[in-house]
Amino acid sequence: MDSEFDLVLDSAEFFFNGKVYKKCIGLKDGKITKIKGLLKAEKRIRCSRKFVLPGLIDVHVHFRVPGQEKKEDWQHGSKAALSGGITTVLDMPNNKPSICTAVELEKKRAIVEKKARVNFGLHFGVSPKHLNEIEKAKNFAALKVFMGSSTGSLLVDKSIEQKKAFSLAAQLKKIAMVHAEDEGIIRKNLIKAKENNKNDIRFHSLIRSVEAEIKAVKQAIALQKECGNRLHVCHVSSAKTVDLLRKEKLENKNISCAVTPHHLFLSEHDAVKLGNFAKVNPSIKSKADRRALWNALLNGTIDLIASDHAPHSFDEKNTDFFNAPSGVPGIETMLPLLLNAVNSKLLSLKKVVECCCINPAKLFKLKGKGKIFVGMDADLVLVDLKKEHKIEKDRLFTKCGWSPFEGWKLKGSVDSTFLSGELVFDGEQVVSNKKGLELQF
Ligand code: DOR
Ligand code: ZN
């Protein structure tokens, strides 16, 4: 007999129009089909004392395919995502080769389509030499603009080229997502640091300085005003930056920004202990900067939390500071860290849902995502706010096998994850090989 539901989440607590409800959520054919006090079904999961969230949407990940599969791939990355309650990822284009031509985008899509076990979208990289490729490229999430160089060879540091990129974004109604650090300032600082043999993580925030971020963000805002595109500033890291964005956003509704878990939870003090395992661009800054990021998150200046999951192998990191690549993994630790922060009263669970589900879905116009509502996709995560656990490298799914949060004791964990209505992560293991679907933009 064809039953009304494939699965019912029984007595689930969840946010519905901003308020907490406790009801049954009926799932059928990958969708949420009914929400009611009581629903009958053969297959049901008791959710008492757990909270159901919409599957998280991480708009900034580096799954390293093609070209750097030694650091990460979609098999490991998908598992890491699902174990962290993330059911949709948008992947960055700084691959080998860079994804800055229509042909490379299609080649990447062909691989990812087969391997993704999480819903996905792909970003397109802006390269000054290949600006004409932007109009040819099909179905990409946003245009990624590296205003300063980071991992990979993508770089748009001349204002004339940045302006062209933003104009194309406006024309194609795409978001320009900027890595905002000024290339000129970074280079000058790096040369100075090398001359003085400052080969130590302590100098990273002086090389990748607040000034470098501020200059680039100012430039991005000025160009956005000229071009009229939507602008998203990735991974803000300093008090001055969020102050500038707060003022600008009062009047300008075409600007959004995100923060990463590593900028929220780490400061320079931790970086000194972690060494290159906290080398990341933009740099981790002072405790005062970190405090300002939290304030900006709470007052709505910051719209999204995105992991910027950027794995590098242990060996690559385990070298001298100048030669170590920048980037830290973070996709599977993001939600547990945030749940722990909820328990510590640093933010509300509602804010987590806003910044990790609702706002990413709104910004990228993702149909069926980000909310628990009849008709939405049944991408869901059950969280246990009371469960205590420890971040341990042996239990991580990322291929790089380490975390800057190793050993952190947290309260609040992912109980299980559902992708298109199917249980895919049971709290310990990924238990299904269900394919992820590509989003349409
Ligand atoms: O630290 C970083 N790592 N920042 C970036 O912008 C890129 C990322 C990576 O891909 O490794
Ligand atoms: Zn990134």
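Numbers for residues simply follow the sequence, beginning at 1.
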Q: Applying side-chain hydrogen bond (donor to acceptor under 3.5 Å, both in side chains), run through Thr151 and Asn94 and close with a yes or a no.
A: CA-CA 7 Å; Thr151 301; Asn94 58 333; 5.0 Å; no

Q: Apply the test side chain to side chain contact (heavy atoms under 4.5 Å, CB included) to residues Val342 and Leu347: give CA-CA distance (whole Å), side-chain angles for both, the deciding distance (0.1 Å), then the verdict.
A: CA-CA 5 Å; Val342 169; Leu347 82 172; 3.9 Å; yes

Q: Evaluate the side chain to side chain contact (heavy atoms under 4.5 Å, CB included) criterion for residues Phe166 and Val156: first the C-alpha distance (whole Å), next the side-chain angles of each, then the deciding distance (0.1 Å), finally the verdict.
A: CA-CA 11 Å; Phe166 282 24; Val156 193; over 6 Å; no

**Q.** Criterion side chain to side chain contact (heavy atoms under 4.5 Å, CB included) on Lys399 and Asp73, from CA distance to verdict
**A.** CA-CA 7 Å; Lys399 200 168 188 181; Asp73 57 29; 3.2 Å; yes

Q) Yes or no on side chain to side chain contact (heavy atoms under 4.5 Å, CB included) for Leu304 and Ser256, after CA distance, side-chain angles and deciding distance? A) CA-CA 8 Å; Leu304 313 182; Ser256 58; 5.8 Å; no

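The main-chain N or O of Arg117 is found under 3.5 Å from a side-chain atom of Ser78 such that the two form a donor-acceptor pair. Counting only distance, with no hydrogens or angles, the side chain of Asn340 and the backbone of Lys411 share a donor-acceptor pair below 3.5 Å. Remark: the backbone N or O of Glu183 is not paired with any side-chain donor or acceptor of Ser149 at under 3.5 angstrom. Without hydrogens or angle criteria, Arg64 side chain to Pro311 main chain gives a donor-acceptor distance under 3.5 Å. For Gln75 (side chain) and Lys115 (main-chain N/O), no donor-acceptor pair under 3.5 Å exists by modelled atom type. Here the side chain of Ser3 pairs a donor or acceptor atom with the backbone of Phe5 at under 3.5 angstrom. Under the 3.5 Å distance criterion, the side-chain polar atoms of Asp10 are left unmatched by any main-chain donor or acceptor of Arg44. With hydrogens and angles disregarded, a donor-acceptor distance shorter than 3.5 Å links the side chain of His309 to the backbone of Ile331. In terms of modelled atom types and a separation under 3.5 Å, the side chain of Glu133 and the main chain of Ala102 share a donor-acceptor contact. The backbone N or O of His60 sits less than 3.5 Å from a side-chain atom of Asp58, completing a donor-acceptor pair.
Nearest heavy-atom pair across Leu39 and Gly26 is CD1-N, 3.5 Å. A pairwise comparison of heavy atoms in Ser267 and Lys287 identifies OG-CG, 3.6 Å as the closest pair. In this structure, Pro404 and Pro329 approach most closely via the heavy-atom pair CD-O, 3.9 Å. When all heavy atoms of His263 and Thr260 are compared, the pair lying nearest together is ND1-OG1, 2.7 Å. Of all heavy-atom pairs between Val118 and Ala81, the closest is CG2-CB, 4.2 Å. Contact between His312 and Trp402 at its shortest, heavy atoms only, is O-NE1, 2.7 Å.
Side chains of Thr398 and Glu72: a donor-acceptor N/O pair is present below 3.5 angstrom, by distance only. Counted by atom type alone, Asp308 and His62 present one or more donor-acceptor pairs between their side chains at under 3.5 Å.
Using a cutoff of 4.0 Å between basic side-chain nitrogens and carboxylate oxygens, Glu106 and Arg109 are scored as salt-bridged. A salt bridge is absent between Lys158 and Glu161; no separation between the charged side-chain nitrogens and carboxylate oxygens falls under 4.0 Å. By the 4.0 Å N-to-carboxylate-O rule, Asp243 lies too far from Lys240 to be salt-bridged with it. Salt-bridge annotation for Lys369 and Asp379: present, with a side-chain N of the basic residue lying under 4.0 Å from a carboxylate O of the acidic one.
Lys50 NZ: more than 12 foreign heavy atoms inside a 6.0 Å radius. A 6.0 Å sphere centred on NZ of Lys19 holds no more than 12 heavy atoms belonging to other residues, nucleotides or ligands. Counted within 6.0 Å of CG on Leu250, heavy atoms from surrounding residues, nucleotides or ligands total more than 12; the atom is thus considered enclosed.
Classified by interplanar angle (parallel below 30°, tilted 30° to 60°, perpendicular above 60°), the ring pair Trp408/Phe405 is perpendicular.
Each side-chain hydrogen bond (donor to acceptor under 3.5 Å, both in side chains) pair with one or both residues in residues 210-229, not counting sequence neighbours, appears once here: Gln162-Gln219, Lys163-Glu226, Glu213-Ser237, Glu213-Ser238, Glu213-Thr241, Gln224-Asn252, Lys225-Glu248. Residue pairs meeting the ring-ring contact (aromatic ring centres under 6.0 Å, His included) criterion with at least one partner in residues 13-40, sequence neighbours excluded, are Phe15-Phe51, Phe16-Tyr21, Phe16-Phe373. For residues 284-305, the ring-ring contact (aromatic ring centres under 6.0 Å, His included) pairs, not counting sequence neighbours, are Phe265-Trp294.
Note that NZ of Lys164 is 10.5 Å distant from CG of Asn132, once rounded to the nearest 0.5 Å.
A search for ring-ring contact (aromatic ring centres under 6.0 Å, His included) contacts involving His179 returns Phe146, His235, not counting sequence neighbours. Here Arg49 pairs with nothing under the salt bridge (Lys or Arg N to Asp or Glu O under 4.0 Å) rule; sequence neighbours left out.
Considering only heavy atoms from C-beta on, Leu27 comes within 4.5 Å of Leu380 through its side chain. Between Cys227 and Ser167, the closest side-chain pair of non-hydrogen atoms falls below 4.5 Å.
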Name each donor-acceptor pair under 3.5 Å that joins a side chain in residues 351-362 to protein atoms two or more places apart or in another chain, with its distance.
from	atom 1	to	atom 2	distance (Å)
Lys351	NZ	Leu297	O	3.0
Asn359	ND2	Asp303	O	3.0
Asn359	ND2	Glu354	O	3.4

